[in-house]
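For the single chain, residues carry numbers from 1 onward in sequence order. In listed order, ligands and their atoms are each counted from 1. When reading the values below, keep in mind they use all heavy atoms of this one structure, side chains included, and skip hydrogens, waters and symmetry mates.
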Amino acid sequence: MGDKNHLLYVVTIHAIFALLHFIVSDAVETLARAVGRQERWQLLRNNTGVVAMHMALTHENTVIIFDQTEAGPSQYRLHERYNGRRCSTRSRADLKDGACYAHSVEYYIHGNNLRPLRFVSDPWCSSGSFLSNGTLLQVGGHGRGSQRIRYFRPCRDHLCNWQQSKRSLSDNRWYASNLLLPQHDRVIVVGGRNAYSYEFIPKLHTKDRSFNLPFLHDTHDEDGGGNNLYPFLHLSSDGNLFIFANRDSILFNYQRNRVVKTFPRIPGGGSRSYPSSGSSVILPLDHQDRFQKVEVMVCGGAASGAYEAAARGRFLPALSSCGRMVITGNNHIWKMENMPGPRTMHDMLILPTGHILIINGARRGCAGWQNAATPSLRPYLYNPKKSRGQRFTVLKATRIARMYHSSALLLPDGRVLVAGGNPYNTYTFSNVAYPTELRLQAFVPDYMDRQFNDLRPGNVTIEYEGHSSGVAYGTAFTIHFWLGRRPSKDVEYSVYAPPFTTHSISMNQRLLKLRCRHTTRDGGGSMSAVLEAPPSPNVAPPGYYLLTVVNNGIPSLSQWIRFIPA
Ligand SMILES: *[C@@H]1O[C@H](CO)[C@@H](O)[C@H](O)[C@H]1NC(C)=O
Ligand SMILES: *[C@@H]1O[C@H](CO)[C@@H](O)[C@H](O)[C@H]1NC(C)=O
Ligand SMILES: *[C@@H]1O[C@H](CO)[C@@H](O)[C@H](O)[C@H]1NC(C)=O
């Protein structure tokens, strides 16, 4: 064989093998997806020490976990109280003293370890938001904590802790909701038990007060335990605030204290808000309509009378229905569909793929101490893009019940952290149906399976202009990543605002699909993509987001990106 022929021969053989490899691996993928889902559950730790009533992911890749301080001893013993007084293991009084135990911890994702944090007042059933610089602002709670404002400024040196502000809220906020607003790095705090009002923090002037919100009176259900607590808040891209409580919702101009729209009542009976504890998300916002179409989704909740029935030891089947409604434009109809089963006290999380994960909770009863039975062990996955009737998939069951006071959140590596559960007002481990749950798990979605590794974009990096610490609204920026195979036709670039999660509500959670102007393949699998930052803070309030490259449904590890005002 001549040299030329030999070369041709080698090239042809290579081409045939490459083609074969391509066909076979595509077929394997399709098969794997058709045959069986590959999602998994991981047990990360047997004991977090503290019930994960509230959780939030910081941009330092740690998770802040906290409970209430009035629950007495947790399972995280301290050597000394925060005021420095020693905690003796020989003193019975000290063993029972809640001050000798942690009620908040910081969890390090990479090390899978914990350290205790300090609270000086009780943050029981409170709310929170990240400010644009990544500091967690947390408000309210119970007793002396009910008007407190606290900050947690994430750090690398493991020395940061909760700081309590000297300023206080105007009203008591217990079971209130928070949302970071587009302007002035301020948060709106809405509702709470016996608080039919809203207010803004940090306050611009010391005389700033709270504002009455009649909608919260109208939606209050005294016999049902409120049913309008922890209202669902979503920021619409027109700058107005969507507020949902019980079964009703409004579009609210918070700058003028004016109801812009009253939406139709969601069908399906029962109630959706705490203690009925349905859950809600704003569906992914998309550059294809310039982020103008905003659609919210509400799922599950409790039957009418569930709260009263639970007090008598009867647990009514939860609601199975979900409603979707477009809140922009002029045509507002709840489009209803059913989950594969009834569900209350679940969390709804937006995955980097734009699918919605419905996880945790129970099939009967409602929220509150010992108010529920029959845990929902199987997560549901919802694909909003499929046609109705085909959107839900039932996923692999866990063996750990996640009842009242459990929570879940998305991690930067694509897993979902699942923790908590405690239907009692102290830590209770024996002779009860659903003991206090301190095991920490990760739900590992099927997109993380190794079989998809050759589709998975790797080493995502973000190029910042000069010394800038963020990307300005409406500007183009470049990212680099690695992809072994040629990219599929379907590559998406999503950014995700990490929520503050408690009581089935993930405050500030939103996902945007960014526009890609063009991509270049730099050789050796290196890729560059020029992306467009969101056009304005109304679409994505300033702060840290997780940026993910999703190739044919397979996400990269996420990288933190910060959007800042120009
Ligand atoms: C949790 O405890 C069980 C039983 O003692 C043990 O087998 C397991 O290895 C522990 N898991 C972790 C993650 O510590
Ligand atoms: C972020 O802003 C808050 C409020 O102004 C401030 O208390 C905090 O120290 C800032 N955090 C950082 C990391 O600069
Ligand atoms: C990704 O980055 C790591 C470390 O920065 C490097 O070791 C690895 O080779 C890179 N992988 C690819 C596929 O470029």
Side-chain angles (χ1 to χ4, degrees), residues 40-50 52 56-65 75-76 105-114 117-120 123 127-139 148-169 178-189 199-206 208 398-402 411 415-421 429-430 435-444 467-470 497-498 500 508 537 541-545 560-565:
R40 293 182 289 127
W41 285 90
Q42 280 177 340
L43 179 65
L44 299 174
R45 292 186 66 94
N46 278 316
N47 190 352
T48 49
V50 168
L57 169 72
T58 76
H59 68 279
E60 297 289 359
N61 293 325
T62 67
V63 177
I64 306 300
I65 297 177
Q75 290 279 299
Y76 200 123
V105 291
E106 181 168 30
Y107 172 71
Y108 296 90
I109 300 166
H110 299 308
N112 189 32
N113 52 347
L114 305 164
L117 301 176
R118 169 196 63 220
F119 265 114
V120 293
S127 51
S129 288
F130 287 100
L131 298 175
S132 69
N133 63 13
T135 289
L136 178 61
L137 179 150
Q138 183 275 330
V139 301
R148 297 275 76 84
I149 301 172
R150 310 168 188 91
Y151 293 92
F152 184 89
R153 187 172 160 172
C155 61
R156 285 189 190 158
D157 58 13
H158 301 199
L159 294 174
C160 42
N161 218 315
W162 287 106
Q163 305 291 329
Q164 188 159 289
S165 169
K166 291 195 177 60
R167 301 228 176 149
S168 57
L169 296 162
N178 278 29
L179 201 77
L180 178 67
L181 297 172
Q183 316 84 8
H184 312 304
D185 218 1
R186 289 213 298 169
V187 169
I188 188 168
V189 188
E199 61 187 288
F200 302 98
I201 45 164
K203 301 207 179 297
L204 296 182
H205 310 283
T206 43
D208 285 354
T398 171
R399 281 196 279 272
I400 303 179
R402 298 293 182 179
L411 296 175
R415 291 177 302 163
V416 172
L417 195 69
V418 176
F429 298 99
S430 49
T436 302
E437 189 49 74
L438 295 171
R439 283 173 287 181
L440 183 69
Q441 283 174 296
F443 174 73
V444 187
H467 296 293
S468 172
S469 60
F500 177 94
N508 297 291
Y544 285 92
Y545 288 72
W560 290 101
I561 184 169
R562 189 173 170 202
F563 296 119
I564 51 171

Quiz item: Are L417 and I109 close enough, and set up right, to give a side chain to side chain contact (heavy atoms under 4.5 Å, CB included), and what steps lead you there?
Solution: CA-CA 10 Å; L417 195 69; I109 300 166; over 6 Å; no
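- At least one N or O atom of N46, backbone or side chain, sits closer than 3.5 Å to an N or O atom of ligand 1.
- Remark: minimum distance from atom 6 (C) of ligand 2 to any protein heavy atom is reached at N133 ND2, 4.2 Å.
- For atom 9 (O) of ligand 2, the closest non-hydrogen atom on the protein side is R153 NH1, 3.2 Å.
- Annotation: side chain of F429 is in contact with side chain of L438 (closest heavy-atom distance under 4.5 Å).
- Taking the side chain as every heavy atom from C-beta outward, R148 and F119 never approach each other to under 4.5 Å.
- Here the shortest heavy-atom distance to atom 7 (O) of ligand 2, taken over Y151, F130, F152, belongs to Y151.
- For atom 11 (N) of ligand 1, a protein heavy-atom neighbour is present inside the 4.0 Å cut-off.
- Residues F200 and D208 are not in side-chain contact: their nearest non-hydrogen atoms beyond the backbone lie 4.5 Å or more apart.
- With contacts defined as side-chain heavy-atom distances shorter than 4.5 Å, the pair V139/E199 does not qualify.
- In terms of protein heavy-atom proximity, atom 4 (C) of ligand 2 is nearest to L131 CD1, 3.9 Å.
- Close contacts of ligand 1 with L44, meaning ligand atoms under 4.0 Å from a residue heavy atom, involve 13 (C).
- Between the OG1 atom of T135 and the CD atom of Q163 there is a distance of 10.0 Å, given to the nearest 0.5 Å.
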